[in-house]
2 protein chains.
Amino acid sequence: MARFTDDYLLYLLAQASHRASAEFHARLAGQGVAVSTWRILATLYPDSPATIGELARSCLAKQPTMTRQVARLEAQGLVKRRMAEGDRRRVVVRLTEKGRNMAAGLAAQARAHEMRLLAGLGEEAAARLKETLRGLLSEKGGSA
Amino acid sequence: MARFTDDYLLYLLAQASHRASAEFHARLAGQGVAVSTWRILATLYPDSPATIGELARSCLAKQPTMTRQVARLEAQGLVKRRMAEGDRRRVVVRLTEKGRNMAAGLAAQARAHEMRLLAGLGEEAAARLKETLRGLLSEKGGSA
DNA sequence: GATCATATGATGCAATTTCATATTTCGGCG
DNA sequence: CGCCGAAATATGAAATTGCATCATATGATC
């Protein structure tokens, strides 16, 4: 009998995500960049500040983890933290010049890698895929 | 300007996977079942033994992690390990009766949850989605 | 305008994960 | 057969993560 997982959507999604990312993540590793670092830079790039909580949701991490990751990136001079105007609970994180430069380089590589991936799928299937995924996301609650 | 991630496939895939799974994972947590435990049980269910390495690939974990997870599940009596016939390096893992019962209950809940998810997408889009994901997977190398 | 429920981030600590490497086994080859 | 490189798993040590909780700030209510 076949495996349960062979036709289980959540499994297919998780596998597809993992494998599709594997190549690019290896590329990041080759440059000494952690996946978590890339996710934070990508979320803030090119110029979209975000709070700790927003970053956590966007990067699929828990809030305490994000607090610590942001502290590391700030120590490396890639981002800076600032108190939100009008709400002193919130911490707004944004890219520094150095961080933006690094993000730009990585984002270019990411786009190139994405193009190769999508080419393998064919244009139409690729467009439908993104569409369907966005559908799944909007169904489940707002943007992060 | 929009965020880089808003139209980046790997981000959409990761977010979609994460959010689609969130509800079900919460359900697991409510029953005291770790996601990693569920993944292992689901991979072996209903009766598909796998080696440590295969399990690691299937569950998106590294091999040393899987060695330890399997040890935990074996201590709980959910799986049993056995030396592979003809290759004493390999360790074959399979469900115990107790493990199979637990997996059956969880798999039923997983199917129910999946049906609700797919209903929200519509039948055709759902079928296409699974299809496209399988395409992405087969493109990237064998089944795990 | 004091109080209480909620929201946001920070932090101590335990558990988990991962990296690097060791150990054992296999398969091929001279 | 004995050796060598590769494959599969195990393990020690370090790093990361996440839970529980704390401290602070906000907003609503009376």
Side-chain angles (χ1 to χ4, degrees), chain A residues 14 18 21-22 25-26 28-40 43-44 49-76 78-94 141-142 144, chain B residues 14 18 21-22 25-41 43-44 49-76 78-94 141-142 144:
Chain A
H18 189 81
S21 298
H25 288 178
L28 289 175
Q31 298 167 71
V33 178
V35 172
S36 56
T37 298
W38 156 240
R39 284 190 173 149
I40 294 172
T43 299
L44 300 177
T51 67
I52 298 283
E54 288 165 349
L55 277 177
R57 281 184 291 278
S58 176
C59 300
L60 315 180
K62 305 294 182 195
Q63 173 266 311
T65 301
M66 187 50 61
T67 290
R68 283 158 173 142
Q69 286 176 343
V70 166
R72 277 172 233 162
L73 292 201
E74 187 172 40
Q76 297 172 47
L78 295 172
V79 305
K80 60 188 171 192
R81 298 154 34 103
R82 170 192 301 186
M83 202 177 64
E85 318 229 344
D87 188 340
R88 277 174 300 183
R89 291 171 302 181
R90 290 191 164 101
V91 172
V92 176
V93 183
R94 66 189 66 219
Chain B
H18 190 82
S21 297
H25 288 178
R27 198 186 179 88
L28 289 174
Q31 299 166 73
V33 179
V35 172
S36 56
T37 298
W38 156 241
R39 285 190 172 147
I40 294 172
L41 296 181
T43 299
L44 300 178
T51 67
I52 298 284
E54 288 164 349
L55 277 177
R57 281 185 292 279
S58 176
C59 300
L60 315 181
K62 307 293 183 197
Q63 173 267 312
T65 302
M66 187 51 62
T67 290
R68 283 160 170 140
Q69 285 177 344
V70 166
R72 278 172 233 160
L73 292 201
E74 186 172 39
Q76 295 172 48
L78 295 172
V79 304
K80 60 187 171 193
R81 298 153 33 102
R82 168 192 302 186
M83 202 177 65
E85 317 229 345
D87 188 342
R88 276 173 302 185
R89 291 172 302 181
R90 289 192 164 101
V91 172
V92 175
V93 184
R94 66 189 64 218

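All values reported here derive from a predicted model rather than from experimental measurement. By convention in this document, chain letters (A, B, ...) are assigned in the order of the sequence lines, proteins followed by strands, and residues within each chain are numbered from 1.
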By side chain to side chain contact (heavy atoms under 4.5 Å, CB included) - contacts of A:Ala84 (at least two apart):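 Checked A:Ala84 against side chain to side chain contact (heavy atoms under 4.5 Å, CB included); matches are A:Arg90, A:Val92.
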
Which residues pass the salt bridge (charged side-chain N to carboxylate O under 4.0 Å, His left out) test with A:Arg39, not counting sequence neighbours?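 None.
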
Only counting residues at least two apart or in another chain, list the ones meeting salt bridge (charged side-chain N to carboxylate O under 4.0 Å, His left out) with B:Arg94. none

Distance, rounded to the nearest Å, where [X] contributes [atom1] and [N] contributes [atom2]:
X: A:Ile52; N: D:dT24; atom1: CD1; atom2: P; value: 18 Å
X: A:Glu54; N: C:dA7; atom1: CD; atom2: P; value: 15 Å
X: A:Leu55; N: C:dA10; atom1: CG; atom2: C1'; value: 16 Å
X: B:Glu85; N: C:dT25; atom1: CD; atom2: C1'; value: 16 Å

Are any protein N/O atoms closer than 3.5 Å to N/O atoms in nucleotides 26-28 of chain C? If there are, list each pair with its distance.
from, atom 1, to, atom 2, distance (Å)
C:dC26, OP1, B:Arg88, N, 2.9
C:dC26, OP2, B:Arg88, NH2, 3.1

Considering just the side-chain nitrogens and oxygens of B:Arg81, establish if one lies under 4.0 Å of OP1 or OP2 belonging to D:dA10. yes

Is the phosphate of D:dA8 approached by B:Thr51 (side-chain N or O, under 4.0 Å from OP1 or OP2)? no

Counting primed atoms plus P, OP1 and OP2 as sugar-phosphate and everything else as base, spell out the protein contacts along nucleotides 16-23 of chain C at 4.0 Å heavy-atom distance: B, S or - for each nucleotide, 5' to 3'. SSBBB---

Among all residues two or more places apart in sequence or in another chain, which pass the side chain to side chain donor-acceptor pair (under 3.5 Å) test with B:Gln31?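 Here the qualifying residues are B:Gln109.
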
Under the side chain to side chain donor-acceptor pair (under 3.5 Å) test, residues paired with B:Arg82 that sit two or more places apart: none

Locate the shortest heavy-atom distance separating B:Arg88 from B:Met83; write the atom from each residue and the value.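 B:Arg88 and B:Met83 have their closest heavy atoms at CG-SD, 3.2 Å.
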
Smallest heavy-atom separation, B:Val35 atom then B:Leu28 atom, equals CA-CD1, 4.4 Å

Side-chain donor/acceptor pairs under 3.5 Å, residues 64-71 of chain A, sequence neighbours excluded:
from, atom 1, to, atom 2, distance (Å)
A:Thr67, OG1, A:Gln63, O, 3.3
A:Thr67, OG1, A:Gln63, NE2, 3.1
A:Gln69, NE2, A:Ser36, OG, 3.4

